[in-house]
A.B. asks: 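Once you've had a glance at the structure underneath, I'll fire off some questions.
Owing to the predicted nature of the structure, the values given are computational and were not obtained by experimental measurement. In the text below, chain A, chain B and the rest are named by the order of the sequence lines, each starting its count at 1.
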Protein chains: 2
Amino acid sequence: MKTRIDPASLVDKGLELMYLRGYNDVSIKDLVDAAGMPKGSFYNHFKSKEDFALAVIDRYAEMWHTELRTFLADKKYPARERFSRFFDHMIDTYENSTHFTRGCLAGNFSQELGDVNDVFAQHVDTVFRTAESYFIHAVRDGQREGSIDPKLDAEATGQFLLNAFEGAMVRMKSARSSRPLTAFRNLVFTTIIR
Amino acid sequence: MKTRIDPASLVDKGLELMYLRGYNDVSIKDLVDAAGMPKGSFYNHFKSKEDFALAVIDRYAEMWHTELRTFLADKKYPARERFSRFFDHMIDTYENSTHFTRGCLAGNFSQELGDVNDVFAQHVDTVFRTAESYFIHAVRDGQREGSIDPKLDAEATGQFLLNAFEGAMVRMKSARSSRPLTAFRNLVFTTIIR
DNA sequence: CCTTTCCAAGCGACCGGTCATCTTGCGTTA
DNA sequence: TAACGCAAGATGACCGGTCGCTTGGAAAGG
């Protein structure tokens with residue numbers, strides 16, 4: 001009996017594998033094996049490996065943006081506290097469930113493919129722009145309610161916080177330690193969001 | 001007559017290619033072709049592709065650390081000015097000679113290979129630690145001479161500045177713009193190094 | 001001469017992608 | 001309700017090409 005194939009589960013497996021090992025180090029055989037699917041079926045659902053990777057990015061974006069909304073757009077807390085809760089949550093996640101690996105898939109793809117492939121660069125940039133908007137809005141909320149210095153340029157500050165956090169995650173991966181993340185948090189809350 | 005082969009020039013070519021395209025996307029054939037060297041010769045000088053990449057990292061570290069020394073350890077300037085001169089220099093470099101590609105090779109390798117290969121992670125981490133020390137020392141100098149707030153934890157601040165700058169470069173690659181770098185600079189000089 | 005260095009040829013494995021063939025569910029017809 | 005037709009989906013063998021790496025013997029050096 002031929003089993004019907006669920007492309008979504010393949011994307012999930014792809015997210016798992018490419019999150020850890022990147023794009024070029026994961027073959028289509030790796031993907032279909034992990035999903036228990038025959039190789040030929042891959043191309044019924046995705047026109048190429050690149051096309052598939054774009055779907056993986058979209059899946060990641062969906063999860064990431066949900067997480068950002070949960071923490072940074074939650075009006076129950078003052079914005080300053082939203083940030084601290086979010087960073088604490090991220091530090092906790094990396095410490096306890098990924099042993100400091102993986103980082104951020106959008107950052108990984110930006111690094112691995114950003115300078116060589118325009119389609120990826122543009123796709124990843126869109127994901128970043130949405131993520132960034134959560135940071136920027138939270139900064140604005142904080143300025144409105146008085147928990148964040150109103151003299152800061154909200155847009156630049158939001159961008160800065162996102163990018164600096166991404167940088168801390170890059171470093172975390174080679175340091176195999178949460179130190180870069182905690183240094184980030186401590187600095188941010190003593191100098192930028194005081 | 002057989003020409004003698006210069007492994008150093010192969011490493012330079014490797015740096016150029018892997019800086020732009022990463023590790024997995026550059027084959028040994030790409031390397032030897034670019035260096036005008038027969039493929040069989042590769043293994044006279046390097047025992048594997050991984051071994052070669054470690055040499056590439058070392059070559060990059062040599063150049064990077066020289067650049068850092070030039071800008072951040074130059075006692076002619078106050079530390080605050082050393083930082084601003086360094087960041088301006090980096091922004092200028094990316095704007096005018098690389099069209100926002102490449103980023104930092106150590107960061108790239110950390111992203112692409114850091115979570116999957118212990119040898120690379122450790123090697124890259126050593127490079128980062130040395131780079132970090134230039135930041136930390138410059139912060140201390142600034143605190144001694146009064147151009148940087150003495151209440152800051154110099155070590156954490158140096159780490160933070162390096163990692164945040166790395167993050168801005170990740171973002172630069174997908175945004176294809178110097179905006180992340182300028183936002184970084186502006187934020188740093190209005191909130192951290194005031 | 002012998003030792004060391006060099007390298008073209010080519011190894012098996014695997015790459016991303018194709019394709020001819022088989023299976024299936026469903027609308028149509030009687 | 002049963003039989004049929006057929007598009008869409010599923011499948012694994014297979015494509016040319018490239019991967020990282022090995023090797024046997026030629027050339028260079030002492």
Side-chain angles (χ1 to χ4, degrees), chain A residues 1-59 108-109 112-113 116-121 123, chain B residues 1-59 108-109 112-113 116-121 123:
Chain A
M1 186 190 77
K2 305 238 177 182
T3 52
R4 219 118 237 288
I5 292 212
D6 177 17
S9 78
L10 187 65
V11 173
D12 284 338
K13 285 288 174 192
L15 174 57
E16 196 180 315
L17 289 178
M18 289 184 172
Y19 204 163
L20 188 63
R21 288 162 42 196
Y23 177 80
N24 284 307
D25 198 38
V26 173
S27 71
I28 288 164
K29 186 168 185 307
D30 290 336
L31 295 168
V32 294
D33 284 356
M37 167 190 305
K39 188 178 172 192
S41 300
F42 181 88
Y43 290 92
N44 294 333
H45 305 285
F46 305 97
K47 71 185 216 302
S48 65
K49 187 186 177 185
E50 184 170 320
D51 183 54
F52 176 77
L54 294 176
V56 167
I57 294 174
D58 288 340
R59 179 83 183 98
N108 297 356
F109 274 35
E112 185 177 358
L113 308 159
V116 94
N117 185 315
D118 291 330
V119 177
F120 272 116
H123 213 83
Chain B
M1 187 191 81
K2 306 240 174 184
T3 52
R4 223 138 231 276
I5 296 246
D6 177 17
S9 80
L10 187 65
V11 172
D12 284 338
K13 286 290 174 190
L15 173 58
E16 196 181 316
L17 290 177
M18 289 184 172
Y19 204 163
L20 187 64
R21 289 161 44 196
Y23 177 80
N24 284 307
D25 197 38
V26 173
S27 69
I28 286 162
K29 184 171 185 309
D30 291 335
L31 295 168
V32 294
D33 284 356
M37 168 190 300
K39 190 177 175 189
S41 300
F42 182 87
Y43 289 92
N44 295 333
H45 306 287
F46 304 97
K47 71 185 218 298
S48 67
K49 187 185 179 186
E50 185 170 319
D51 182 53
F52 176 77
L54 294 176
V56 167
I57 294 174
D58 288 337
R59 178 85 184 95
N108 297 357
F109 274 36
E112 185 177 357
L113 308 160
V116 94
N117 185 315
D118 291 330
V119 177
F120 273 115
H123 213 84

A.B. asks: Show your reasoning for whether side chain to side chain contact (heavy atoms under 4.5 Å, CB included) applies to A:Glu50 and A:Val119.
C.D. replies: CA-CA 9 Å; A:Glu50 184 170 320; A:Val119 177; 3.9 Å; yes
A.B. asks: Please assess A:Phe109 against A:Met18 for the test side chain to side chain contact (heavy atoms under 4.5 Å, CB included), listing each intermediate value before the final yes or no.
C.D. replies: CA-CA 9 Å; A:Phe109 274 35; A:Met18 289 184 172; 3.9 Å; yes
A.B. asks: Taking only side-chain nitrogens and oxygens of A:Ser41, does any of them come within less than 4.0 Å of OP1 or OP2 of D:dT11?
C.D. replies: yes
A.B. asks: Could you work out, with salt bridge (charged side-chain N to carboxylate O under 4.0 Å, His left out) as the rule, every residue matching A:Asp58, not counting sequence neighbours?
C.D. replies: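 By the salt bridge (charged side-chain N to carboxylate O under 4.0 Å, His left out) rule, A:Asp58 matches no residue at all.
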A.B. asks: Between atom NE2 in A:His45 and atom C1' in D:dA10, what is the gap in whole Å?
C.D. replies: 8 Å
A.B. asks: Go through the steps to decide whether B:Asp12 and B:Ser9 satisfy the test side-chain hydrogen bond (donor to acceptor under 3.5 Å, both in side chains), and finish with yes or no.
C.D. replies: CA-CA 5 Å; B:Asp12 284 338; B:Ser9 80; over 6 Å; no
A.B. asks: Rounded to whole angstroms, how far apart are CG on A:Asp33 and C1' on C:dC15?
C.D. replies: 14 Å
A.B. asks: Could you check A:Tyr23, A:Tyr43, A:Phe46 and say which one makes a ring-ring contact (aromatic ring centres under 6.0 Å, His included) with A:Phe52?
C.D. replies: A:Phe46
A.B. asks: Please report the distance, rounded to the nearest Å, between CE in A:Met37 and C1' in D:dG9.
C.D. replies: 12 Å
A.B. asks: For B:Asn44 and C:dC6, what is the distance between atoms CG and C1' respectively, to the nearest whole Å?
C.D. replies: 5 Å
A.B. asks: Where along nucleotides 16-23 of chain D does protein come under 4.0 Å, by heavy atom, of base (B) or sugar-phosphate alone (S), with - for untouched nucleotides?
C.D. replies: ---SBBB-
A.B. asks: Could you give me the CA-CA distance, side-chain angles and deciding distance for A:Leu113 and A:Asn24, then say whether side chain to side chain contact (heavy atoms under 4.5 Å, CB included) is met?
C.D. replies: CA-CA 9 Å; A:Leu113 308 159; A:Asn24 284 307; 4.2 Å; yes
